[in-house]
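Have a look at the structure below, then the notes.
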Amino acid sequence: MEDCLFCKIAKKEIPSETVYENDSLIAFRDIDPQAPTHILIIPKEHFASLEEIPEEKKGILADLLLAARQIAKDKELSRGYRIVLNTGKDSGQAVFHIHFHLLGGRQMTWPPG
Ligand code: 5GP
Ligand code: ZN
């Protein structure tokens, strides 16, 4: 999608520190990390949020989560990690191209802010 930051990152029009990539998704380091490891995992196809994933594309969600699990393993987050999917304005979603946050490398707190 034109004028979408994460589409541009997926197409390498904007540089990012890629940590994992396959035909359908890409994972890269967050520009403003909130934990020692903070990686964003996105589909290359544009969907604004979870709300826009159609039933017939639900496999994308599993692919993103399993990629997050693999990256957590690669980054040796054996003590645990948190996966966040902000959806909509009240969640704090700022970039409207669906992305999972993978956070690890420190003790997380609950409740989230
Ligand atoms: P959201 O609040 O939408 O769930 O998260 C958006 C995330 O994208 C934020 O954590 C923010 O730091 C990250 N971000 C925003 N712009 C860029 C960018 O240009 N490059 C990278 N790597 N991350 C970005
Ligand atoms: Zn996009």
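As the structure lists them, so they are numbered: ligands from 1, and atoms in each ligand from 1. Side-chain atoms are counted along with the backbone in the values below, which use heavy atoms only and exclude waters and symmetry mates. We number each residue from 1, following the sequence as shown.
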Which residue from [options] reaches closest to [atom] through any of its heavy atoms?
{"atom": "atom 7 (C) of ligand 1", "options": "Ile42, Asp30, Val95", "result": "Asp30"}
{"atom": "atom 14 (N) of ligand 1", "options": "Thr18, Ile14, Ile31", "result": "Ile31"}
{"atom": "atom 5 (O) of ligand 1", "options": "His99, Gln93, His38", "result": "His99"}

Answer with side chain, backbone, both or neither: which part of [X] has a heavy atom less than 4.0 angstrom from an atom of ligand 1?
{"X": "Gln34", "result": "neither"}
{"X": "Val84", "result": "neither"}
{"X": "His101", "result": "side chain"}
{"X": "Phe100", "result": "neither"}
{"X": "Ser16", "result": "neither"}

Numbered atoms of ligand 1 (with element) below 4.0 Å of [X], judged on heavy atoms:
{"X": "Leu5", "answer": "16 (N), 17 (C), 19 (O)"}
{"X": "Ala94", "answer": "1 (P), 2 (O), 3 (O)"}
{"X": "Ile9", "answer": "20 (N)"}
{"X": "Asp32", "answer": "12 (O)"}

Subject >> Identified side-chain contact (heavy atoms from CB on, under 4.5 Å) counterpart of Ile71 within the set Thr37, Leu102, Leu66, Leu77 >> reply: Leu102
Subject >> Same cluster (ILVMFWY, side-chain, under 4.5 Å), Ile53 and Phe6 >> reply: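 Different clusters: Ile53 never reaches Phe6 through Ile, Leu, Val, Met, Phe, Trp or Tyr contacts under 4.5 Å.
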Original post:
Would you say Phe6 touches ligand 1, if touching means a heavy atom closer than 4.0 Å?
Top reply: yes
Original post:
Going by the angle between their ring planes, with limits at 30° and 60°, are His38 and His101 parallel, tilted or perpendicular?
Top reply: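 Plane angle between 30° and 60°, so tilted.
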Subject >> Stepwise side-chain contact (heavy atoms from CB on, under 4.5 Å) check, Leu85 with Gln93 >> reply: CA-CA 8 Å; Leu85 176 57; Gln93 184 178 1; over 6 Å; no
Original post:
If you round to the nearest 0.5 Å, how far is OG of Ser16 from CD1 of Ile26?
Top reply: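 With rounding to 0.5 Å, CD1 (Ile26) is 5.5 Å from OG (Ser16).
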Original post:
CD of Glu76 to OH of Tyr81: how many Å apart, nearest 0.5 Å?
Top reply: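 Glu76 atom CD to Tyr81 atom OH measures 14.0 Å (nearest 0.5 Å).
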Original post:
Donor-acceptor pair, Arg82 side chain versus Thr109 backbone, under 3.5 Å?
Top reply: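 At least one qualifying donor-acceptor pair exists.
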Do [X] and [Y] touch side chain to side chain, with heavy atoms closer than 4.5 Å?
{"X": "Ser24", "Y": "Ile60", "result": "no"}
{"X": "Lys12", "Y": "Glu21", "result": "yes"}
{"X": "Val19", "Y": "Arg29", "result": "yes"}

Original post:
Which residue owns the protein heavy atom closest to atom 22 (N) of ligand 1, what's the atom, and how far is it?
Top reply: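 Minimum-distance protein heavy atom for atom 22 (N) of ligand 1 reads Arg29 O, 2.8 Å.
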**OP:** Note the single closest protein heavy atom to atom 2 (O) of ligand 1, along with its residue, its atom name and the distance in Å.
**Re:**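 Among all protein heavy atoms, the one nearest atom 2 (O) of ligand 1 is Gly92 O, 3.0 Å.
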**OP:** Give the minimum heavy-atom separation between Phe47 and Pro43, together with the two atoms involved.
**Re:**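 The pair with the smallest heavy-atom distance is CD1-CG, 4.3 Å.
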Original post:
Which atom, among the N/O/S set of His46, is closest to the Zn ion (ligand 2)?
Top reply: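 That would be atom ND1.
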Original post:
His97: which N/O/S atom is nearest the Zn ion (ligand 2)?
Top reply: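 It is ND1 of His97.
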